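Working notes, beginning with the structure itself.
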Amino acid sequence: MTSTSPRHALPRTAPRILRYVLRFVVLPLAVTVLLAVAVARGVELVHAQTSYPVTPQERWEALPPQVHVLGALTVWPFVALLLAVTGSMWATAILTLAAGALIAVADYQKMVHRSEPLFPSDIEYLRSARMLLESAGISPALAVGAVVVVLLGLAAVAVLAWRRRGRRGNEARWFRWGSRLALGAAGIAGVVVISGFNSPDNPLRQAYEDVPVTWAPWNQVQNYAQNGFVAGALYNVPGPAMERPEGYGEERMEELVATYEQVAAELNATREDGALEDTNVLIVLSETFSDPTWLEGVEVAEDPIPFTRSLMEENPSGRMLARGVGGGTATVEFEVLTGMAVTNFQPQVSSPFPQVVPHHPQFPSIASSLSETHGALAIHPYAAGFYRRDIVYPRLGFDRATFREDMAHRETIESGPYISDAATYREVLDELRASSDPLVVNVVTMQNHTPHVGSYPDPIDVSGPFGEEDAEKLGHYLRGLRHSDEALADLLAELESLEERTVVLFYGDHLSATLPESVRTANEEQRLRETPWFVWSSFGTADVQAPPLLTPNLLLTQLLAAVDAPLSPYAALLTELSQEVAGHQRGALLDGQGRPVSEEDLSPRARELLADYRLAQYDLSVGERYAEEALLAMP
């Protein structure tokens, strides 16, 4: 008779515990660290060519330990699935580390060659593996050799496992298969949670935000750098951008199209056929452009925007309700170009450019609406990867996009760090003169982006309930506005001298983040978010009465009205909506007179229009696109 004492059981138990620790703890942590190191090095290379104020090392050191733990937990389901499929710890180790190394190398190469990190959607590029290897300078033979090494390692593991299994009895077979099934189920459950990262109430996203992490939707290099590779990749996982409206379906969309085709026909009866066919359409987002004289507590020595003010008195114009102060540029740009309100998307969608548009092969916009008669160009004198504009613009229907590196005119003003508005407008004029066809040109300037201090030798004097330091910041900002105003005057003078017709929609995206706290306190939040807009054309504008305050999604209707252009059914819906609901943002609904209201206080007609608008936006953005062709058809 034999017995097993604890002294003899320990050697058997310890290796088993070690194997479990290796499987469930060390492997996912190793992959997480590998990815984090790779992205940190890649970001370092990008930072060496840019002017980010914080180094990757500082970002890495600032990461809370909870972020690394959550990263490991995110990797764990994939490790569990591999272990469930292979049944071998060593095979799982080889495959996991090989996959981690592949992702790390791919991220590093993309950072070097494209100055942006690896996104989950980049898996589509695997269809062109040879092109990827060649663009990265990796020999196909080397790649094949690496694959062969991995396969040989797996084969060796399989042989050893087979020989060991032959020496075992069958009594533990049920335990092995039960463990694999349990791991597989747990892995699948984990992947489901991960794939829904951008869904409402997702527990993993909530865990990250409880740390908390600070998302950077405007720049994914920064987003990955400050939150780690795993968190950055999770942020870019596709998710349900918009809740499916009640009653949505093909039949309901046919009814909606019929309704607004009739509305468009009635409105177009008094409009000019083909008003835009031979007309350049220039849409200008002027970075941080505002009217500081609208603010309480700010006294300026000279008017920073006299030319713009005179234009607004003579042309259709008004105030736009920006999404915030000091940020949100790409969100405002999205709303203007598409006519879609971000408030209709899920709460976690703060910036549709990086979060929604890249997940669709094409996305409706003013550029795609006029594609049959116009070429389409986007000009932005900054980095192509900012808000993923290099990916977004083609999806929105722009034939070409010109960024900082592509521009022939890159002049700055004095010590200003960004390309001036004057240089950007010269780029626009060159393009218009070179094109034989009318163009839709979307321009996003950069001159007045923060920081402002030290940009100009002659800041405008400003006074108020704030100190000298704040006054200096505001003074430089005001001088930048004056330079923008003068550049705008020169642009419109040149456009007027061209032989071709041109219409301009101009708007500011938000006020400056450098506003002193005392000024913010002295003004209501709505006033702090108001920026100027106007429509000007080289052939005159119609006498239209715009709502006193609009949100960005309704600005294009003002352009069409100003030049008496006919409307598509979608534009007709937006036009009708603007008369009842002129403002449409989270926490802020404005009635037709620009007054804040709750949705319950809206008229039955306004609520009906809002419901139709949400149906149209869902169908055109993330739905089945049942009505896309009919809704966007230009008469």
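Predicted, not measured: the structure shown is a model, and the values here were computed from it.
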Could you list the donor-acceptor pairs under 3.5 angstrom formed by side chains in residues 454-467, with sequence neighbours left out?
{"unit_1": "S455", "atom_1": "OG", "unit_2": "H452", "atom_2": "O", "d": "2.8"}

Excluding sequence neighbours, so at least two apart, what forms ring pair (Phe, Tyr, Trp, His ring centres under 6.0 Å) with [X]?
{"X": "F398", "value": "Y393"}
{"X": "H380", "value": "none"}
{"X": "F506", "value": "F289, F534"}

Donor-acceptor contact present, side-chain [X] to main-chain [Y], <3.5 Å:
{"X": "D406", "Y": "F403", "result": "yes"}
{"X": "N442", "Y": "A378", "result": "no"}
{"X": "E287", "Y": "N448", "result": "no"}
{"X": "D107", "Y": "P117", "result": "no"}
{"X": "Q585", "Y": "L321", "result": "yes"}
{"X": "R395", "Y": "P358", "result": "yes"}
{"X": "S365", "Y": "L396", "result": "yes"}
{"X": "E333", "Y": "T329", "result": "no"}
{"X": "S512", "Y": "T514", "result": "yes"}
{"X": "E335", "Y": "V342", "result": "yes"}

W533 and L555: side chain to side chain contact (heavy atoms under 4.5 Å, CB included), yes or no, with the steps?
CA-CA 8 Å; W533 70 267; L555 280 188; 3.8 Å; yes
Where do D210 and Q66 land on the side chain to side chain donor-acceptor pair (under 3.5 Å) test, with the steps shown first?
CA-CA 10 Å; D210 286 344; Q66 301 98 304; over 6 Å; no
Can [X] and [Y] be counted as having a side-chain donor-acceptor contact under 3.5 angstrom?
{"X": "N315", "Y": "S317", "value": "no"}
{"X": "Q226", "Y": "T214", "value": "no"}
{"X": "S290", "Y": "Y477", "value": "yes"}
{"X": "Q346", "Y": "N198", "value": "no"}
{"X": "W536", "Y": "E314", "value": "no"}
{"X": "S199", "Y": "N202", "value": "no"}

How about [X]: does its [atom1] atom have over 12 heavy atoms from other parts shown lying under 6.0 Å from it?
{"X": "E405", "atom1": "CD", "result": "yes"}
{"X": "D201", "atom1": "CG", "result": "no"}
{"X": "E411", "atom1": "CD", "result": "yes"}

Sequence neighbours excluded, every pair satisfying salt bridge (Lys or Arg N to Asp or Glu O under 4.0 Å) that has a member inside residues 510-524
none
Would you call the rings of Y613 and H584 parallel, tilted or perpendicular, where under 30° means parallel and over 60° means perpendicular?
tilted
Once you round to the nearest 0.5 Å, how far does [atom1] of [X] lie from [atom2] of [Y]?
{"X": "I379", "Y": "T402", "atom1": "CD1", "atom2": "OG1", "answer": "5.0 Å"}
{"X": "I366", "Y": "L337", "atom1": "CD1", "atom2": "CG", "answer": "8.5 Å"}
{"X": "E486", "Y": "S420", "atom1": "CD", "atom2": "OG", "answer": "11.5 Å"}
{"X": "L377", "Y": "S435", "atom1": "CG", "atom2": "OG", "answer": "9.0 Å"}
{"X": "T293", "Y": "L295", "atom1": "OG1", "atom2": "CG", "answer": "8.0 Å"}
{"X": "Q617", "Y": "N553", "atom1": "CD", "atom2": "CG", "answer": "8.0 Å"}

Please determine if R319 and D291 form a salt bridge, counting it only when a charged side-chain N lies under 4.0 Å from a carboxylate O.
no
For the residue pair [X] and [Y], what are the closest heavy atoms and their distance?
{"X": "S621", "Y": "F345", "value": "OG-CE2, 3.8 Å"}
{"X": "L549", "Y": "A582", "value": "O-CB, 3.4 Å"}
{"X": "V444", "Y": "R389", "value": "CG1-NH2, 4.2 Å"}
{"X": "E580", "Y": "A606", "value": "CB-CB, 3.8 Å"}
{"X": "Y418", "Y": "H449", "value": "CE1-O, 3.4 Å"}
{"X": "T531", "Y": "D509", "value": "CG2-C, 4.3 Å"}

For E302, enumerate each residue passing the salt bridge (charged side-chain N to carboxylate O under 4.0 Å, His left out) test, keeping only those at least two apart in sequence or located in another chain.
R479, R482
CA sep, side-chain torsions, deciding dist, call: V284, Y425, side chain to side chain contact (heavy atoms under 4.5 Å, CB included)
CA-CA 10 Å; V284 180; Y425 294 154; 3.7 Å; yes
Given T575, which of T557, L554, L556 fulfils the side-chain contact (heavy atoms from CB on, under 4.5 Å) condition?
T557
State which residue, out of T338, V336, T343, fulfils the side-chain contact (heavy atoms from CB on, under 4.5 Å) condition with M340.
T338
Take N523 and L515 through the side chain to side chain contact (heavy atoms under 4.5 Å, CB included) test and state the conclusion after the steps.
CA-CA 11 Å; N523 291 268; L515 287 178; over 6 Å; no
Quick one, L311 with L492, criterion side chain to side chain contact (heavy atoms under 4.5 Å, CB included). Give me CA distance, side-chain angles, the key distance, then yes/no.
CA-CA 11 Å; L311 279 176; L492 298 193; 3.4 Å; yes
Using the benzene-type ring in the case of Trp, are the ring centres of F334 and Y387 under 6.0 Å apart?
no
